[in-house]
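Here is the structure we will look at.
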Amino acid sequence: MGFTEKQEALVKESWEVMKQNIPEFSLRFFSLILEIAPAAKPMFSFLKDTDEIPQNNPKLKAHAVKVFKMTCESAIQLREKGEVVLSESTLQWLGSVHLQKGVIDPHFEVVKEALLRTVKEAMGEKWSEEMNGAWGDAYDQLANAIKDEMKAEA
Ligand code: HEM
Ligand code: ISQ
């Protein structure tokens, strides 16, 4: 399903706010994932030798930012083209990484919840149900593309 200009603008607007504090929001996003699903801990290499979430891990930050950015790009594509388009190489790479780490479909709901809660906390007064819905839809369609690729590779 396509996106309206309003939906696209809501996603872009909130990403602009989160961009101002990448260390805080990337850490918050990751912490929320583990809070919702503690069992997901061993999948992440950032936590290999520690129980604590590293406060300043460049890989964690970079990965979290990629998830935010890719969701934002999905919103733009949904408005422009009516669908999420990823290059074949990006899809294959994301599909194989997640397959190899043991990610399964229900995990995508966990990451979605963590993402939406991070957006809500970051936006404060500016948050709205409509903004929430736009992020949720963009994420769902991006997640579907990755899930389909994982099934194709499995
Ligand atoms: C790695 C994006 C969903 C767990 C990655 C990487 C990206 C990414 C960009 C880095 C790949 C690399 O550079 O090697 C996404 C996006 C998602 C998504 C866009 C959904 C739309 C999930 C879900 C889980 C998950 C649902 C399960 C909780 C992981 C793990 C890694 C990873 C364990 C490897 C991290 C490491 O230890 O280096 N993901 N991901 N991802 N993702 Fe996701
Ligand atoms: C990888 N995939 C999904 C979400 C993530 C959040 C933080 C760090 C890495 C991630």
Side-chain angles (χ1 to χ4, degrees), residues 1-3 7-8 10-12 14-15 17-79 81-123 131-154:
M1 224 225 338
F3 253 44
Q7 287 175 302
E8 180 194 13
L10 286 168
V11 172
K12 278 185 174 166
S14 29
W15 169 233
V17 169
M18 294 197 287
K19 246 201 285 204
Q20 309 302 313
N21 200 343
I22 300 270
E24 179 184 343
F25 295 119
S26 55
L27 202 61
R28 188 66 189 129
F29 178 35
F30 187 61
S31 306
L32 281 166
I33 293 175
L34 299 187
E35 203 178 294
I36 301 167
K41 261 187 189 178
M43 291 197 296
F44 290 94
S45 63
F46 332 115
L47 298 171
K48 269 263 147 56
D49 310 304
T50 167
D51 258 359
E52 261 160 57
I53 297 171
Q55 298 297 301
N56 203 356
N57 182 314
K59 234 178 120 183
L60 190 165
K61 228 184 287 176
H63 285 186
V65 165
K66 253 183 231 165
V67 179
F68 290 134
K69 264 196 190 151
M70 288 184 72
T71 308
C72 189
E73 274 159 22
S74 295
I76 297 168
Q77 290 178 345
L78 283 166
R79 209 264 307 150
K81 303 176 184 142
E83 61 179 342
V84 171
V85 185
L86 295 168
S87 74
E88 198 50 37
S89 54
T90 301
L91 255 185
Q92 279 175 4
W93 162 66
L94 284 177
S96 64
V97 169
H98 293 97
L99 205 55
Q100 201 190 332
K101 295 285 176 179
V103 174
I104 51 172
D105 277 11
H107 290 141
F108 282 88
E109 287 304 309
V110 173
V111 171
K112 180 183 182 181
E113 178 66 28
L115 179 77
L116 295 182
R117 275 163 68 179
T118 307
V119 173
K120 187 170 186 175
E121 288 179 16
M123 295 308 287
M131 181 181 277
N132 199 59
W135 274 94
D137 283 358
Y139 173 87
D140 280 344
Q141 300 197 49
L142 173 61
N144 281 340
I146 300 173
K147 285 193 265 188
D148 285 347
E149 177 63 24
M150 288 169 70
K151 278 168 198 132
E153 286 180 28

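Index from 1, following the sequence. Order of listing sets the numbers, starting from 1, for every ligand and every atom in it. Remember, predicted model here, so these are calculated numbers, not experimental data.
Of the protein's non-hydrogen atoms, Y139 CE1, 3.4 Å is the one closest to atom 21 (C) of ligand 1. Protein heavy atom at the shortest distance from atom 23 (C) of ligand 1 is V111 CG2, 3.5 Å. What sits closest to atom 12 (C) of ligand 1 on the protein, heavy atoms only, is W93 CZ2, 3.4 Å. Nearest protein neighbour of atom 36 (C) of ligand 1, counting heavy atoms only, is S45 OG, 3.3 Å. The single protein non-hydrogen atom nearest to atom 9 (C) of ligand 2 is H63 CB, 3.3 Å, given as residue, atom name and distance. Atom 2 (C) of ligand 1 has as its closest protein heavy atom V67 CG2, 3.6 Å. Summary of contacts: the protein heavy atom closest to atom 30 (C) of ligand 1 is F44 CE2, 3.6 Å. In this structure, atom 28 (C) of ligand 1 lies nearest to the protein heavy atom M43 CE, 3.6 Å. Counting protein heavy atoms only, atom 7 (C) of ligand 2 is closest to F30 CD1, 3.6 Å. The protein non-hydrogen atom at the shortest distance from atom 3 (C) of ligand 2 is V67 CG2, 3.7 Å. Given atom 34 (C) of ligand 1, the protein heavy atom at minimum distance is K101 CE, 3.5 Å.
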Exercise. Tell me, with the steps shown, if F25 and F68 meet ring-ring contact (aromatic ring centres under 6.0 Å, His included).
Key: CA-CA 10 Å; F25 295 119; F68 290 134; 7.9 Å; no
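Contact check for V119 versus W15: no side-chain heavy atoms found under the 4.5 Å cut-off.
The two atoms that bring A138 and F3 nearest to each other are N-CZ, 3.8 Å, heavy atoms only. Shown here for F108 and I146, the closest heavy-atom pair between the two residues is CZ-CG2, 4.0 Å. Closest non-hydrogen pair, V110 versus A37, comes out as CG1-CB, 3.8 Å. Summarising the geometry of P23 relative to K61, their closest heavy-atom pair is CA-CD, 4.2 Å, with the distance given to 0.1 Å.
Nearest residue to atom 1 (C) of ligand 2 from F108, F29, F44, F68 is F44 (criterion: closest heavy atom). Summarising the contacts of atom 24 (C) of ligand 1 with N144, V103, D105, the nearest heavy atom is found in V103. In this structure, of K112, H98, H63, the residue bringing a heavy atom nearest to atom 35 (C) of ligand 1 is H63.
Here is the list of ligand 1 atoms found below 4.0 Å of a heavy atom in I146: 16 (C), 17 (C), 19 (C), 20 (C), 21 (C). Residue-ligand proximity, V97 to ligand 1, at heavy-atom distances under 4.0 Å covers atoms 1 (C). Applying the 4.0 Å criterion to heavy atoms of A64 picks out, from ligand 2, the atoms 7 (C), 8 (C). Against a heavy-atom cut-off of under 4.0 Å, L142 is close to the following atoms of ligand 1: 19 (C), 21 (C). Remark: ligand 1 atoms within the under-4.0 Å shell around heavy atoms of K66 are 9 (C), 13 (O). Applying the 4.0 Å criterion to heavy atoms of L94 picks out, from ligand 1, the atoms 2 (C), 7 (C), 8 (C), 9 (C). Using a 4.0 Å cut-off to heavy atoms of K59, the atoms of ligand 1 that qualify are 38 (O).
Environment of CD in Q100: sparse, with no more than 12 heavy atoms of neighbouring residues, nucleotides or ligands closer than 6.0 Å.
Between the side chains of T71 and S74, no donor N or O sits under 3.5 Å from an acceptor N or O.
Taking the six-membered ring for Trp and the full ring otherwise, F46 and H63 have centroids separated by under 6.0 Å.
The existence of a salt bridge linking R117 and E35 is confirmed by a sub-4.0 Å separation between a basic side-chain nitrogen and an acidic carboxylate oxygen. The pair K69-E73 does not count as a salt bridge, with every side-chain nitrogen at least 4.0 angstrom from each carboxylate oxygen. Classification of D140 and K147 as a salt-bridged pair fails, no side-chain N sitting under 4.0 Å from a carboxylate O.
F44 and F30 have perpendicular rings, their planes meeting at more than 60° on a 0 to 90° scale where under 30° would count as parallel.
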